[in-house]
Amino acid sequence: MLKIHNNLNKQKELFTPIDPTNVRLYVCGMTVYDYCHLGHARVLVVFDVVNRYLRKVYGEKCVTYVRNITDIDDNIIKRAKENGESIPTLTQRFIDEMNVDADALGIRRPDSEPRATQHMDEIVEMIQTLVDKGSAYQGADGGDVYYDVSSFEGYGKLSGKNTEDLRSGARVEVVEAKDDPLDFVLWKMAKPEEGTSWPSPWGEGRPGWHIECSAMSTSCLGNHFDIHGGGLDLQFPHHENEIAQSEAATGEKFVNVWMHNGFVRLDEEKMSKSLGNFFTIREVLKQYDPEVVRFFILNSHYRSPLNYSDKHLDEGKAALTTLYTALRGLDINDGAEDAEFEKHFTAAMDDDFNTPKAVAALFVLACEINRERDSDPSTASKLASILKRLAGYLGLLERDPDAFLQGAQGEAAGAKGFSVDAIDALIAERLEARANKDWAGSDRIRDELAAQGIVLEDGGGGTTWRRE
RNA sequence: GGCGGAAUGGCAGAAUGGCUAUGCAGCGGAUUGCAAAUCCGUGGAUCUCGGUUCGACUCCGGGUUCCGCCUCCA
């Protein structure tokens, strides 16, 4: 029985889908004006695993995963101007780049990726509904349209804030046109220099930050759906405001379960755009195999902070090498099952997607495979098949073991080193030296390969190699 | 200032009112021509001070330190 930590009440609770034949998941995706960084990688990977595991539990076709793209906002307008690039050119460029990174990380494509600019009708319609219901108003100066926070009783329930505290906080921007400093903008009037706008009953303009997610999620998944996810930094104000907008507009409960993943940190500090202390995904992929990055992310619980360092990535690589080594040389057949091993894995995943514990179960399985591999190859093969299948729910071990072990580790490594043919030739040469008990000659070849990062392993079935 | 989260062995990271994961690194052994890989074994931890309890790392209270949100952010 799957339990999920619901951030709405800060408790782990049994997950009960509204409709088990169509479990609906919405995740706040990217605002596309720059390359994705490791924080984005974490959201992508974490919710990719949620998506995969929900499909294991409820059925491959019984889950709808929506991850939006925000392709109009202040940062996009600003960046387009700086680059001397049109907004659509900029956003399409970074959507393409995002997909390059996501594909590299083995992220399964969501069922739908709605874009704000393609849902303007729904956005305007929702704002109109809010105005009609008295939850929103046009500013005193006849300009921007605001959401009236005081009209929504539950405001602050997700982020644990109360409106009194928020008002007394010094950080709320005071804008004359607002009735209340807490009110936030739904529709911004067009400014000529911004060069883009859409028509609305209040005049040409563009949506505020939060309304696009309310409009897109409800139009894609219905007024009331199961899970809404995103990074912890979206909890307030973004998700709080989404709840206020959606529930006021529809009159229904918006979302049952809120999930937020923790931050990626650098030197114990949040990795963020404003601090400028971030690594882009592609920077990291120059040095590390994408699956290593994925392993690193999944080796800690999604709600914990995740400290980035080369050392941790190196350890991830070593760990993944152990798992792939267990799989190497064994036949994989799809139907294999073993209730005991599967139970350990699913018990971990059922407990709020405890991926570190699930990964630990994979290592126990790998150990068992290595133990059986010589004495009972068919059992070893069966267990290897199970290992591969279970790891697949985490998006791990999906490649051929040799492709991982012998492949270039990170893009930069690809250019250097011996070709496979050269390696095979040297191994054959060494084999002959060994047959003649020419240990010095044999070791010379091994050292030569080691200098190129090639490690030889003399197993019972011959000599194998891998890149370090 | 308000609100919230966290502190586990050398490092990373789970779990649990008593049986104390897992990975990397270390140590001993098996295996190997020697290695590597693998297997077997092994040392080592629960920030601090109180309390509850037969028993707490786990529950409660005080303290310390760190982090986050309250402003754009995944």
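Proteins get letters first, then strands, A, B, ... in listed order; numbering begins at 1 in each.
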Please state whether the rings of His239(A) and His228(A) are parallel, tilted or perpendicular, taking 30° and 60° as the class boundaries. perpendicular
Could you list by number each residue of residues 370-382 of chain A showing a heavy-atom separation from RNA chain B of less than 4.0 Å, or answer none if no residue does? Asn370(A), Arg371(A)
So Asp179(A) and Tyr146(A), do their side chains get closer than 4.5 Å, heavy atoms only? no
Will you find, in the side chains of Asp314(A) and Tyr288(A), an N or O donor that is under 3.5 Å from an N or O acceptor? yes
Taking only the P atom of each, what is the distance from A25(B) to U48(B) in whole angstrom? 29 Å
Between Asn307(A) (side chain) and Val264(A) (backbone), is there a donor-acceptor pair under 3.5 Å? no
What does Thr325(A) touch in the nucleic acid at a heavy-atom separation under 4.0 angstrom: a base, only the sugar-phosphate, or nothing? sugar-phosphate
By the 4.0 Å heavy-atom rule, please label Asp458(A) as base, sugar-phosphate, or nothing. base
Could you name each residue pair satisfying salt bridge (charged side-chain N to carboxylate O under 4.0 Å, His left out) that touches residues 445-456 of chain A, not counting sequence neighbours? Asp443(A)-Arg446(A)
In whole Å, what separates the P atom of U46(B) from that of G50(B)? 15 Å
d(CZ, Arg265(A); P, A6(B)) in whole Å: 12 Å
Exam field: side chain Arg42(A) to backbone Gly262(A), donor-acceptor pair closer than 3.5 Å: yes
Secondary-structure stems, RNA chain B, at least 3 Watson-Crick or G-U base pairs under 3.5 Å: B:1-7 with B:64-70, B:10-12 with B:22-24, B:26-30 with B:38-42, B:47-51 with B:59-63
Taking atom C1' of A6(B) as reference, at what distance in whole Å does atom CG of Asn307(A) sit? 13 Å
So which protein nitrogen or oxygen atoms get under 3.5 Å of nucleotides 46-48 of chain B's nitrogens or oxygens?
none

Pairing of Asp103(A) and Arg109(A) as salt bridge, 4.0 angstrom limit: yes
What integer distance in Å separates Glu368(A):CD from U38(B):C1'? 13 Å
Nearest whole angstrom, please: distance from the P of A74(B) to the CG of Asn261(A). 11 Å
Does Arg79(A) reach the main-chain N or O of Val32(A) with its side chain, forming a donor-acceptor pair under 3.5 Å? no
Do Asp73(A) and Glu212(A) have side-chain heavy atoms sitting under 4.5 Å apart? no
G13(B) to U53(B) separation - C1' atoms, rounded to the nearest Å: 30 Å
For the residue pair Glu432(A) / Asn436(A), report whether a side-chain donor-acceptor contact shorter than 3.5 Å exists. no
Nearest-Å distance once atom C1' is located in both C24(B) and C19(B): 26 Å
Once you apply a heavy-atom cut-off of 4.0 Å, does Lys311(A) come out as touching a base, just sugar-phosphate, or nothing? sugar-phosphate
Determine the Euclidean distance between corresponding P atoms of A12(B) and C70(B); express it in Å to zero decimal places. 27 Å
Length of the line joining Glu457(A):CD and U38(B):P, which is rounded to integer Å: 8 Å
Are more than 12 heavy atoms from other residues, nucleotides or ligands located less than 6.0 Å from atom CG of Asp267(A)? no
Scan Val264(A) against the nucleic acid and name what it touches under 4.0 Å (heavy atoms): base, sugar-phosphate only, or nothing. base
CG of Asn99(A) to SG of Cys36(A), rounded to nearest 0.5 Å, is 9.0 Å
How are the rings of Phe254(A) and Phe225(A) set relative to one another: parallel (under 30°), tilted (30 to 60°) or perpendicular (over 60°)? perpendicular
Find the distance His5(A):NE2 to A14(B):P and express it as a whole number of Å. 14 Å
Here the distance between atom C1' of C70(B) and atom NE2 of His239(A), to the nearest Å, is 17 Å
Give one of base, sugar-phosphate or nothing for Asp443(A), where a contact means two heavy atoms less than 4.0 Å apart. base
Both Asp351(A) and Arg430(A) contact RNA chain B. Which one's nearest nucleotide lies toward the 5' end? Asp351(A)
Can you tell me how far C1' of G4(B) sits from CD of Glu240(A), to the nearest Å? 13 Å
If you look at every strand shown and take non-hydrogen atoms under 4.0 Å, does Ser274(A) touch a base, only sugar-phosphate, or nothing? base
Nucleotide nearest Arg466(A) (side chain, heavy atoms from C-beta), chosen from C69(B), A14(B), A37(B): A37(B)
Taking G62(B) as the reference, what is the distance to G44(B) when you measure between their P atoms (whole Å, please)? 34 Å
Mind checking Gly262(A) for me? I need base, sugar-phosphate or nothing, with any heavy atom below 4.0 Å counting as a touch. base
Using the C1' atoms only, state how far U52(B) lies from G61(B), rounded to an integer number of Å. 11 Å
In whole angstrom, give me the gap between the C1' atoms of G9(B) and C49(B). 23 Å
What are the residues of residues 37-46 of chain A, sorted by number, that bring a heavy atom to within less than 4.0 Å of RNA chain B? His37(A), Gly39(A), His40(A), Val43(A)
Does Arg303(A) or Gly230(A) map to a spot on RNA chain B nearer the 5' end, using the closest nucleotide for each? Arg303(A)
Between the base of G4(B) and the side chain of Ser159(A), is there a donor-acceptor distance below 3.5 Å? no
Looking at the base of C34(B), is there any donor atom on it, or on the side chain of Arg446(A), that sits under 3.5 Å from an acceptor on the other one? yes
Using 0.5 Å steps for rounding, measure from the OG1 atom of Thr31(A) to the CD1 atom of Ile76(A). 6.0 Å
Would you please confirm or rule out a distance under 4.0 Å between OP1 or OP2 of A14(B) and any side-chain N or O of Ser304(A)? yes
Minimum side-chain heavy-atom gap Tyr35(A)-Phe94(A) below 4.5 Å: yes
Where along nucleotides 20-31 of chain B does protein come under 4.0 Å, by heavy atom, of base (B) or sugar-phosphate alone (S), with - for untouched nucleotides? -BSBS-------
Going by side-chain hydrogen bond (donor to acceptor under 3.5 Å, both in side chains), Asp351(A) matches just one of Lys357(A), Lys12(A), His5(A), His301(A). Which one? Lys12(A)
If you measure only the distance, is there a donor-acceptor pair under 3.5 Å linking the side chains of Thr64(A) and Asp111(A)? no
Are the side chain of Ser442(A) and the backbone of Arg430(A) linked by a donor-acceptor contact shorter than 3.5 Å? no
